[in-house]
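Because only heavy atoms are used, hydrogens play no part in the values below, and waters and symmetry mates are left out as well, while side chains stay in.
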Amino acid sequence: WGAYQCYGDPAFRLHGDGSPETKKEKRAYFTPRELIADLENHAQWIRMQMHAEDPDGSSLAAMGEQIGKFIKRIPESHREKWPKRADVAAALGFAWGETGAYRKAADWLEKAISADRGDCPMRAVEQAANFKVRAAAAAWQDLRRLKAGEERDDKRRKLLEEVRRALDTLERLVQTGESIERLNLLGGAFKRQVYILETREDRQKALESMMNTYRGAYDLDAKGSTTPDPYAFTNYALARVLLERIRKSRAATWKQALVTECRQTIDIARKRYEEKPDFWGAVAEADCLLVLLLANPNAAAQKMEEDAKAIVEKYRDAGLRGTSPRQMASIGEHLDFILEVYEAPNARIEEALTIIRNAI
């Protein structure tokens, strides 16, 4: 615990034996490796704070200020050289990413990718694209409050172009080497693209890509495990049900298969959570039940209300299992995405979704 404390408090430094030492002023770094180590420790500390406390805006700003203090400890004679190194720029990008400053994080990772000196981890390429998409989605969330018009449309087009370039990068990475992580990042990028897109035709195409990519991630995971991570499946299932609503599909075969897989995934999620509790394992059951609700929009009003309340209880139960407020906020973002994209066929399903969203 003492080691974790020192990461978050600039007044602490570890001796070689691991004990903290208090200093009023920090000495300049001797090597870039020292700076990188402090940035990596700081990023880890931020992740811990996010899980424990869900920092507010001022706290996040303070976390960013600490990154600036690390930079100031670069010897003046190296102040311009070190940040141009790939390994230093990457460490800065990852640290900024943990604070939620996605655009700044992506800029630093781009510097790492194009740097002539130092080793650039492949993860920098993956996360640069991921952060760009996240930044675009966050920007669109703010732009949606603007009055519809030429200005908003122009900004939307620019955001969609940023997302397209990031998607191109992630797709190339998948082509060079398919992995569960890369497929999940690509699926998440398509999901945020759907959110920003406007027309049904464009959304349908992006939903198809989201569905196929998350399905690929889940199937790849299932090849090596009898209890694959439910995260990819729940996003695949959501994309499938949203897509079928746009298509106005009348066939029942897809729904029957989806119901079966959702039930199986709920069992898997419970087993995984018992073995190793984590956030996505805790919310997977609620996500699957929500998909089942969306897939059966013509259920009786009482049944739909009961199902909505059951879903709320499952999400809240996830919150009681040590989930941070920030993670709970991600559930709200997930629900906002559904409310934006799902084409509700009647008032009953709209009311059920509203009950769920207002309770989170």
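- Under a cutoff of 6.0 Å and an axis angle of 45°, Arg123 and Phe94 form a cation-pi pair.
- You'll find the side chain of Tyr214 reaches within 4.5 Å of the side chain of Tyr231, heavy atoms only.
- Ion pairing between a basic and an acidic side chain is recognised when a charged N comes within 4.0 Å of a carboxylate O; Asp219 and Arg215 show such pairing.
- Atom-to-atom distance recorded for Ile331:CD1 and Arg357:CZ is 10.0 Å, nearest 0.5 angstrom.
- Between Glu201 and Lys205, none of the side-chain N atoms (NZ, or NE/NH1/NH2) sits under 4.0 Å from a carboxylate O, so this pair counts as no salt bridge.
- Expressed to the nearest 0.5 Å, how far CD1 of Ile196 lies from CG of Leu159 amounts to 5.5 Å.
- Judged by distance alone, with hydrogens and angles left aside, the side-chain atoms of Glu34 form a donor-acceptor pair with the main-chain N or O of Thr31 at under 3.5 Å.
- Under the 4.0 Å criterion applied to side-chain N and carboxylate O atoms, Glu161 and Arg157 are not assigned as salt-bridge partners.
- Counting only N and O atoms by type, the side chains of Lys191 and His334 include a donor and acceptor under 3.5 Å apart.
- Tested against Leu353, the residues Leu339, Leu335, Ile311 include a single side chain to side chain contact (heavy atoms under 4.5 Å, CB included) partner, Leu339.
- Checked by atom type, the side-chain pair Asn130/Gln127 shows a donor-acceptor distance below 3.5 Å.
- In this structure a side-chain-to-backbone donor-acceptor pair under 3.5 Å is missing from Arg182 to Glu126.
- Taking Glu350 as the reference, nothing meets the salt bridge (charged side-chain N to carboxylate O under 4.0 Å, His left out) condition, with sequence neighbours excluded.
- Side-chain contact between Trp45 and Met63: present, with at least one pair of heavy atoms (C-beta onward) separated by less than 4.5 Å.
- Between Glu340 and Arg203, at least one side-chain nitrogen of the basic residue sits less than 4.0 Å from a carboxylate oxygen of the acidic one, meeting the salt-bridge criterion.
- Under the 4.5 Å side-chain heavy-atom criterion for ILVMFWY residues, a single connected hydrophobic cluster contains both Val259 and Leu293.
- Annotation: cation-pi geometry not satisfied between Lys132 and Tyr102 (NZ/CZ under 6.0 angstrom from ring centroid, within 45° of ring axis).
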(request) Go through the steps for Lys271 and Asp267 under the test salt bridge (charged side-chain N to carboxylate O under 4.0 Å, His left out), then give the verdict. (result) CA-CA 6 Å; Lys271 184 176 180 180; Asp267 291 337; over 6 Å; no
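- Scanning both residues, Trp108 and Pro83, for their nearest heavy atoms gives CZ3-O, 3.7 Å.
- Side chain of Glu351 to backbone of Ala347: no donor-acceptor contact under 3.5 angstrom is found.
- Lys158 and Asp154 are joined by a salt bridge, as a carboxylate oxygen and a charged side-chain nitrogen come within less than 4.0 angstrom of each other.
- Between the side chain of Ser225 and the main chain of Ala222, no donor-acceptor pair closer than 3.5 Å is present.
- Between the side chains of Gln175 and Glu171, no donor-acceptor pair of N or O atoms lies under 3.5 Å.
- Salt bridge annotation for Lys155-Glu151: present, with a cationic side-chain nitrogen under 4.0 angstrom from a carboxylate oxygen.
- Counting all heavy atoms, side chain and backbone alike, Ile113 lies closest to Ala124 at CD1-O, 4.1 Å.
- Salt-bridge formation is not detected for the pair Lys111/Asp107: no Lys NZ or Arg NE/NH1/NH2 atom is positioned less than 4.0 Å from an Asp or Glu carboxylate oxygen.
- A 4.5 Å side-chain heavy-atom check between Leu143 and Arg156 finds every atom pair outside the cut-off.
- The shortest side-chain heavy-atom distance between Leu289 and Ile266 falls under the 4.5 Å cut-off.
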(request) Verify side-chain contact (heavy atoms from CB on, under 4.5 Å) between Arg247 and Trp254, making sure each step is shown before the conclusion. (result) CA-CA 13 Å; Arg247 291 171 174 170; Trp254 71 268; over 6 Å; no
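- Atom-to-atom distance recorded for Asp287:CG and Tyr315:OH is 3.5 Å, nearest 0.5 angstrom.
- Looking at Glu306, Glu313, Glu305 one by one, the single match for salt bridge (charged side-chain N to carboxylate O under 4.0 Å, His left out) with Lys309 turns out to be Glu305.
- Between atom CG of residue Leu146 and atom CG of residue Asp153 there is a gap of 10.5 Å, rounded to the nearest 0.5 Å.
- Nearest heavy-atom pair, Ala269 versus Ala284, reported as atom, atom and distance to 0.1 Å: CB-CB, 3.6 Å.
- When all heavy atoms of Glu178 and Leu183 are compared, the pair lying nearest together is CG-CD1, 3.6 Å.
- Contact record, Ile74 with His78: CG2-O, 3.5 Å, taken as the closest heavy-atom pair.
- Under the 4.5 Å side-chain heavy-atom criterion for Ile, Leu, Val, Met, Phe, Trp and Tyr, Phe337 and Leu186 are members of the same hydrophobic cluster.
- The hydrophobic cluster containing Met210 also contains Leu160, counting ILVMFWY residues as joined when their side-chain heavy atoms lie under 4.5 angstrom apart, directly or transitively.
- Pro228 is listed as a side-chain neighbour of Ile268, based on a closest heavy-atom distance under 4.5 Å.
- The closest donor-acceptor contact from the side chain of Asp221 to the backbone of Asp229 lies under 3.5 Å.
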(request) Start with the C-alpha gap between Arg117 and Lys84, add the side-chain angles, then the distance that decides, and say whether side-chain contact (heavy atoms from CB on, under 4.5 Å) holds. (result) CA-CA 8 Å; Arg117 296 186 59 196; Lys84 293 180 180 179; over 6 Å; no
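- Side-chain contact between Tyr195 and Arg144: present, with at least one pair of heavy atoms (C-beta onward) separated by less than 4.5 Å.
- Residues Ile36 and Glu40 have side chains in contact (heavy-atom distance under 4.5 Å, counting atoms from C-beta outward).
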(request) Evaluate salt bridge (charged side-chain N to carboxylate O under 4.0 Å, His left out) for Glu275 paired with Arg270, printing each intermediate quantity in order. (result) CA-CA 9 Å; Glu275 295 174 353; Arg270 289 173 177 173; over 6 Å; no
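- Expressed to the nearest 0.5 Å, how far CG of Asn184 lies from OG of Ser179 amounts to 8.5 Å.
- Salt bridge status for Arg73 with Asp38: present, with a side-chain N to carboxylate O gap under 4.0 Å.
- A distance of 11.0 Å separates CZ in Arg172 from CG in Leu167, rounded to the nearest 0.5 Å.
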(message) Checking Leu92 against Phe70 for the side-chain contact (heavy atoms from CB on, under 4.5 Å) test, could you report, in this order, the C-alpha distance in whole Å, the side-chain angles of both residues, the deciding distance, and whether it holds?
(response) CA-CA 10 Å; Leu92 285 164; Phe70 291 141; over 6 Å; no
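- Using a 4.5 Å cut-off on side-chain heavy atoms (C-beta onward), Glu208 and Gln204 make contact.
- Linking Ile, Leu, Val, Met, Phe, Trp and Tyr whenever their side-chain heavy atoms come within less than 4.5 Å leaves Ile355 and Leu294 in two separate clusters.
- Summarising the geometry of Gly187 relative to Thr213, their closest heavy-atom pair is N-CG2, 3.5 Å, with the distance given to 0.1 Å.
- Close placement of the Phe233 and Tyr218 rings is indicated, their centers lying within 6.0 Å of each other.
- Salt-bridge formation is not detected for the pair Glu343/Arg245: no Lys NZ or Arg NE/NH1/NH2 atom is positioned less than 4.0 Å from an Asp or Glu carboxylate oxygen.
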